[in-house]
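Notes follow once the structure below has been shown.
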Amino acid sequence: MNFYLDANIIVSLFVADAHSSLVDAWLDSEPGELFVSDFARVEFAAVISRQIRVGAMDGETAREALSDFDEWTRRMTQPVETRTRDVGLAERFTRDFATKLSAQDALHLAIASNREHHLVTFDARLAEAARAKSVSVVLPG
């Protein structure tokens, strides 16, 4: 099975939060092939940058988190390149007002959908939209 990791899953792996133990346990179950998009990489870096801006993390800790993330993705995941068709599908998802998706979440959903991957997320709204669009969802825990 192929699993596309939403950015909130990735953040919980590298920044301790309420979901960290859930994602660790899910990964320990060896679910299958893991995929991380170039877009998720940007979103993760933006979250780390925000942590510095709000004073929740210092520069050294941030650099370490980014380095750990880079090493982990290199060893444990397959890269996914965001394509024009992903952006097009994300736009269609956001124009479907019932999904209530942000641009970021719509793009994650489109990437998973276009590749027929299971979407792994902690985001309930994104999970609901994914199910409505016939994309399989995994909510660790």
Side-chain angles (χ1 to χ4, degrees), residues 1-59 61-141:
M1 291 182 147
N2 295 331
F3 296 90
Y4 175 80
L5 305 181
D6 181 21
N8 60 34
I9 295 293
I10 297 166
V11 169
S12 291
L13 281 170
F14 297 96
V15 178
D17 65 16
H19 296 115
S20 294
S21 62
L22 297 174
V23 72
D24 287 342
W26 181 76
L27 288 173
D28 286 346
S29 75
E30 299 181 16
E33 202 67 37
L34 305 176
F35 292 80
V36 172
S37 69
D38 50 2
F39 177 69
R41 293 179 66 85
V42 170
E43 194 171 5
F44 176 75
V47 168
I48 297 302
S49 179
R50 184 177 186 284
Q51 293 288 309
I52 292 172
R53 288 193 311 274
V54 300
M57 188 180 285
D58 62 41
T61 303
R63 283 186 288 283
E64 188 174 299
L66 291 169
S67 177
D68 290 348
F69 167 71
D70 291 342
E71 177 65 18
W72 181 81
T73 56
R74 187 186 63 72
R75 288 185 307 105
M76 304 299 291
T77 72
Q78 298 297 315
V80 177
E81 185 176 312
T82 304
R83 299 181 185 143
T84 302
R85 69 185 184 121
D86 300 321
V87 175
L89 183 56
E91 181 182 0
R92 288 194 295 283
F93 287 160
T94 58
R95 287 174 177 254
D96 176 355
F97 306 131
T99 67
K100 303 176 185 173
L101 291 175
S102 67
Q104 296 93 324
D105 287 345
L107 189 52
H108 287 299
L109 178 54
I111 291 167
S113 178
N114 279 335
R115 289 154 186 83
E116 299 180 356
H117 291 177
H118 300 275
L119 175 65
V120 185
T121 187
F122 288 120
D123 185 321
R125 181 181 296 156
L126 177 55
E128 182 180 331
R131 289 185 195 102
K133 300 300 180 185
S134 301
V135 174
S136 175
V137 178
V138 174
L139 296 161

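Just so you know, residue 1 is the first one in the sequence shown, and it goes up from there.
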- Taking everything shown except Glu128 itself, do over 12 heavy atoms lie less than 6.0 Å from its CD? no
- Item | Side chains of Pro79 and Val36 in contact at under 4.5 Å (non-hydrogen atoms) | no
- Query: With a 4.5 Å heavy-atom cut-off, do Leu34 and Gln78 have their side chains touching?
  - Reply: no
- Task: Can you establish whether the number of heavy atoms outside Arg85 located under 6.0 Å from its atom CZ is more than 12?
- Result: yes
- Please state whether the rings of His117 and Phe35 are parallel, tilted or perpendicular, taking 30° and 60° as the class boundaries. tilted
- Item | Any side-chain heavy-atom pair of Arg115 and Ile111 under 4.5 Å | yes
- Task: May I ask you to decide if Arg83's main-chain N or O and Asp86's side chain share a donor-acceptor pair within less than 3.5 Å?
- Result: yes
- Task: Check whether the side chains of Gln104 and Glu43 place a donor and an acceptor atom closer than 3.5 Å, and report yes or no.
- Result: no
- Leu22 and Trp26, any side-chain heavy atoms less than 4.5 Å apart: no
For residues 87-96, dump all side-chain donor-acceptor pairs below 3.5 Å to protein atoms at least two apart in sequence or in another chain.
unit_1 : atom_1 : unit_2 : atom_2 : d
Glu91  : OE2    : Arg95  : NE     : 2.9
Glu91  : OE2    : Arg95  : NH2    : 3.0
Arg92  : NH1    : Gly88  : O      : 3.4
Thr94  : OG1    : Ala90  : O      : 3.4
Thr94  : OG1    : Glu91  : O      : 2.9
Asp96  : OD1    : Ala98  : N      : 3.2
Asp96  : OD2    : Lys133 : NZ     : 2.5

- Interatomic distance, CG@Asp28 vs OG@Ser21, rounded to 0.5 Å, equals 11.0 Å
- Distance in Å, Leu119 CG paired with Ser113 OG, rounded so as to fall on 0.5 Å steps: 10.0 Å
- Message: Run Ser67 and Arg63 through side chain to side chain donor-acceptor pair (under 3.5 Å) and show every step you take.
- Response: CA-CA 6 Å; Ser67 177; Arg63 283 186 288 283; over 6 Å; no
- Message: Tell me whether Glu33 at atom CD has more than 12 heavy atoms from other residues, nucleotides or ligands lying less than 6.0 Å away.
- Response: yes
- Item | Considering all heavy atoms, the nearest Thr73-Asp70 contact | OG1-O, 3.0 Å
- Task: Identify the heavy atoms of Leu101 and Arg125 that sit nearest to each other, and give their distance.
- Result: CD2-O, 4.4 Å
- Query: Under 3.5 Å, is there a donor-acceptor pair linking the side chains of Asp58 and Thr61?
  - Reply: yes
- Item | Note, His118 side chain near Met1 side chain (heavy atom, < 4.5 Å) | yes
- Query: Is there side-chain contact between Ile52 and Ser49, with at least one heavy-atom pair below 4.5 Å?
  - Reply: no
Distance-only criterion, 3.5 Å: show the donor-acceptor pairs between side-chain atoms of residues 3-13 and protein atoms not counting sequence neighbours.
unit_1 : atom_1 : unit_2 : atom_2 : d
Tyr4   : OH     : Ser37  : OG     : 2.7
Tyr4   : OH     : His108 : ND1    : 2.7
Asp6   : OD2    : Asn8   : ND2    : 3.0
Asp6   : OD2    : Thr121 : OG1    : 2.7
Asn8   : OD1    : Phe122 : N      : 3.1
Asn8   : ND2    : Thr121 : OG1    : 3.2
Ser12  : OG     : Asn8   : O      : 3.2
Ser12  : OG     : Asp17  : OD1    : 3.0
Ser12  : OG     : Asp17  : OD2    : 2.8

- Item | Nearest non-hydrogen partners of Val138 and Pro140, listed with the distance | O-CD, 3.5 Å
- More than 12 heavy atoms of other residues, nucleotides or ligands under 6.0 Å from CD of Glu81: is that the case? no
- Is there a side-chain contact between Phe14 and Val47 (heavy atoms, below 4.5 Å)? no
- Query: Who are the side-chain hydrogen bond (donor to acceptor under 3.5 Å, both in side chains) partners of Thr82, not counting sequence neighbours?
  - Reply: Asp38
- Item | Closest non-hydrogen atom pair, Ala16 against Ser20 | CA-OG, 3.4 Å
